[in-house]
Amino acid sequence: QVQLVESGGGLVQAGGSLRLTCAASGYTFGNYAMGWFRQAPGKEREFVAAISWSGGSKDYADSVKGRFTISGDNAKNTVYLQMDSLKPEDTAVYYCAADPMGRGSSWSGVYAYWGQGTQVTVSS
């Protein structure tokens, strides 16, 4: 059974940093691509970042480019989201997702597996 477990969320002041971790189990990463999405209260879930499991391809939403970095550790079946220069508008529940077809799209529909989410709150 595939499981994705996010951690690392919390409360931080604007300008601060957090690193989110997504630990995957129940499958071999192989050709999987991984993505991070977020959902703020009253808003739709939106794409944040994606990475191919080889790490050779990364994609970011325009709103986080230059501030967030996605990376992965194949040996640990783990993907990270380093978030720097956080802004109040980054406040949301952040979700990790896995695409077994390796597409790593910004479209949530390609992701077959999702974590439960971790809350990130940025105070002004």
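If you read the sequence from its start, that first residue is 1, and numbering goes on from there.
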* Is the cationic atom of Arg38 (NZ for Lys, CZ for Arg) positioned less than 6.0 Å from the six-membered ring centroid of Tyr95 and within 45 degrees of its normal? -> no
SG (Cys22) and CD (Glu6) are apart, to the nearest 0.5 Å, by 5.5 Å
Close side-chain approach of Tyr113 to Pro100, heavy-atom, < 4.5 Å: yes
Check for me, please, whether Phe37 and Val93 land in the same ILVMFWY cluster - side-chain distances under 4.5 Å, paths through other members count. yes
Could you tell me whether the side chain of Tyr32 and the main chain of Ser52 form a donor-acceptor pair under 3.5 Å? no
Under the side chain to side chain contact (heavy atoms under 4.5 Å, CB included) rule, what do Met83 and Leu20 come out as? Steps first, then yes or no, please. CA-CA 8 Å; Met83 306 187 296; Leu20 304 184; 3.7 Å; yes
Here the gap from Asp90 atom CG to Thr121 atom OG1, rounded to the nearest 0.5 Å, amounts to 11.0 Å
When every non-hydrogen atom of Thr78 is compared with those of Ala23, the smallest separation belongs to OG1-CA, 4.2 Å
_Donor-acceptor contact present, side-chain Thr91 to main-chain Glu89, <3.5 Å_ = no
For residues Asp84 and Ser17, is any side-chain donor paired with an opposing acceptor at under 3.5 Å?
yes
So CG of Asn77 and CE of Met34: to nearest 0.5 Å the spacing works out to 8.5 Å
Are Val2 and Val110 connected, step by step, through hydrophobic side chains (Ile, Leu, Val, Met, Phe, Trp, Tyr) whose heavy atoms are closer than 4.5 Å?
no
Correct closest heavy-atom pair for Tyr111 and Ser105 would be OH-O, 2.6 Å
Under 4.5 Å between side-chain heavy atoms, hopping through other hydrophobics if needed: is there a path connecting Ile51 to Trp107? no
*Non-hydrogen side-chain atoms of Phe47 and Trp36 separated by less than 4.5 Å*: no
Look only at the side chain of Asp99 and the backbone of Gly104, and say whether a donor-acceptor pair between them is shorter than 3.5 Å.
yes
inquiry  = Measuring only between side-chain heavy atoms, which start at C-beta, is Gln119 closer than 4.5 Å to Leu11?
reply    = no
Cluster link Phe68 to Val12, ILVMFWY, side chain under 4.5 Å: yes
Would you find a donor on one side and an acceptor on the other, under 3.5 Å apart, between the side chain of Tyr60 and the backbone of Ile70?
yes
dist Tyr94:OH -> Thr118:OG1 (nearest 0.5 Å) comes out at 10.5 Å
CD (Gln82) and CZ (Arg67) are apart, to the nearest 0.5 Å, by 12.0 Å
Inset, instruction - Check the hydrophobic clustering (I, L, V, M, F, W, Y; side-chain heavy atoms under 4.5 Å; chains of links allowed) and say if Leu86 and Leu81 are grouped together. - result: yes
Q.
Checking side-chain polar atoms at under 3.5 Å, does Arg19 have a donor or acceptor matched by the opposite partner on Tyr80?
A. no
Do Leu18 and Val120 make a side-chain contact, defined as non-hydrogen atoms from C-beta onward lying under 4.5 Å apart? yes
Output for pair (Arg45 CZ, Ser108 OG), nearest 0.5 Å, gives 7.0 Å
